[in-house]
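Take a look at the structure set out below.
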Amino acid sequence: QVQLVESGGGLVQPGGSLRLSCAASGSIRSFGAMGWYRQAPGKQRELVARITSDGTTNYADSVKDRFTVSRDNAKITVYLQMNSLKPEDTAVYYCNAENVAVTGKLWGDNYWGQGTQVTVSS
């Protein structure tokens with residue numbers, strides 16, 4: 001069983017910063033891209049940032065130059081550094097891991113974290 005556990009969400013004022021972390025655990029033998037998605041009330045879940053196994057990144061246009069995604073392969077952890085936060089960044093942020101292969105299984109699956117709330121408000 002694979003689990004993704006997120007941390008680092010909370011309440012922050014506009015212009016502030018937060019750092020999200022997501023650690024994967026389980027009998028993982030390989031994994032692919034990892035990323036962050038978010039879902040605001042009444043809206044669809046959207047990609048925020050994603051990083052591949054070789055470090056290639058892509059970002060939503062709305063967060064470019066403000067957010068930075070990174071990963072630590074040894075710890076099977078992905079991070080999201082969020083700077084210059086705006087009220088429109090308020091959402092539940094979900095961690096995603098793609099193509100996670102566990103011991104004893106030939107193929108990989110995609111997994112999601114439980115979500116962490118980020119609220120940007122004065």
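Every value quoted in this text rests on a predicted model; they were computed, and no experiment measured them. Only heavy atoms go into these numbers, but all of them, side chains included; no hydrogens, no water, no symmetry mates.
- In this structure, Gln3 places its CD atom where only 12 or fewer heavy-atom neighbours from other residues, nucleotides or ligands lie under 6.0 Å away.
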Return all side-chain donor-acceptor pairs below 3.5 angstrom for residues 7-24, not counting sequence neighbours, or 'none' if the list is empty.
from: Ser17; atom 1: OG; to: Asn83; atom 2: OD1; distance (Å): 2.9

Next item on the list: Mind running side-chain contact (heavy atoms from CB on, under 4.5 Å) on Tyr59 and Asp65 for me, showing each step along the way?
Entry: CA-CA 9 Å; Tyr59 297 91; Asp65 300 323; over 6 Å; no
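- Around the CD atom of Gln1, the shell of radius 6.0 Å holds no more than 12 heavy atoms that belong to other residues, nucleotides or ligands.
- Both Phe31 and Val69 are members of a single hydrophobic cluster when ILVMFWY side chains are connected at heavy-atom separations under 4.5 Å.
- By the criterion of side-chain heavy atoms lying less than 4.5 angstrom apart, applied directly or through intervening Ile, Leu, Val, Met, Phe, Trp or Tyr residues, Leu47 is grouped together with Trp112 in one hydrophobic cluster.
- The closest donor-acceptor contact from the side chain of Arg45 to the backbone of Arg38 lies at 3.5 Å or more, if one exists at all.
- Qualifying ring pair (Phe, Tyr, Trp, His ring centres under 6.0 Å) partners for Tyr111, counting only residues two or more places apart in sequence or in other chains: none.
- Across Gln114 and Leu4, no two heavy atoms sit closer than the pair OE1-O, 3.3 Å.
- Side-chain N or O atoms of Asn96 include none that pairs as donor or acceptor with a backbone N or O of Met34 at under 3.5 Å.
- Exactly one of Val63, Val120, Thr90, Thr119 qualifies for a side chain to side chain contact (heavy atoms under 4.5 Å, CB included) with Leu85. That residue is Val120.
- Not one N or O on the side chain of Arg50 forms a donor-acceptor pair closer than 3.5 Å with the backbone of Tyr37.
- Rounded to the nearest 0.5 Å, atoms OH (Tyr79) and OG1 (Thr68) are 14.5 Å apart.
- With hydrogens and angles ignored, the 3.5 Å screen pairs no side-chain donor or acceptor of Thr57 with any backbone N or O of Ile51.
- Cluster annotation: Leu80 and Val92 are assigned to distinct hydrophobic clusters (Ile/Leu/Val/Met/Phe/Trp/Tyr, side-chain heavy-atom contacts under 4.5 Å, transitive).
- Side-chain atoms of Glu98 do not come within 3.5 Å of backbone N or O of Ala33 as any donor-acceptor pair.
- In this structure, the side-chain hydrogen bond (donor to acceptor under 3.5 Å, both in side chains) partners of Lys64, at least two apart in sequence or on a different chain, are Asp61.
- In this structure, OG on Ser30 lies 9.5 Å from CD1 on Ile76, to the nearest 0.5 angstrom.
- The hydrophobic cluster containing Met82 does not contain Tyr94, counting ILVMFWY residues as joined when their side-chain heavy atoms lie under 4.5 angstrom apart, directly or transitively.
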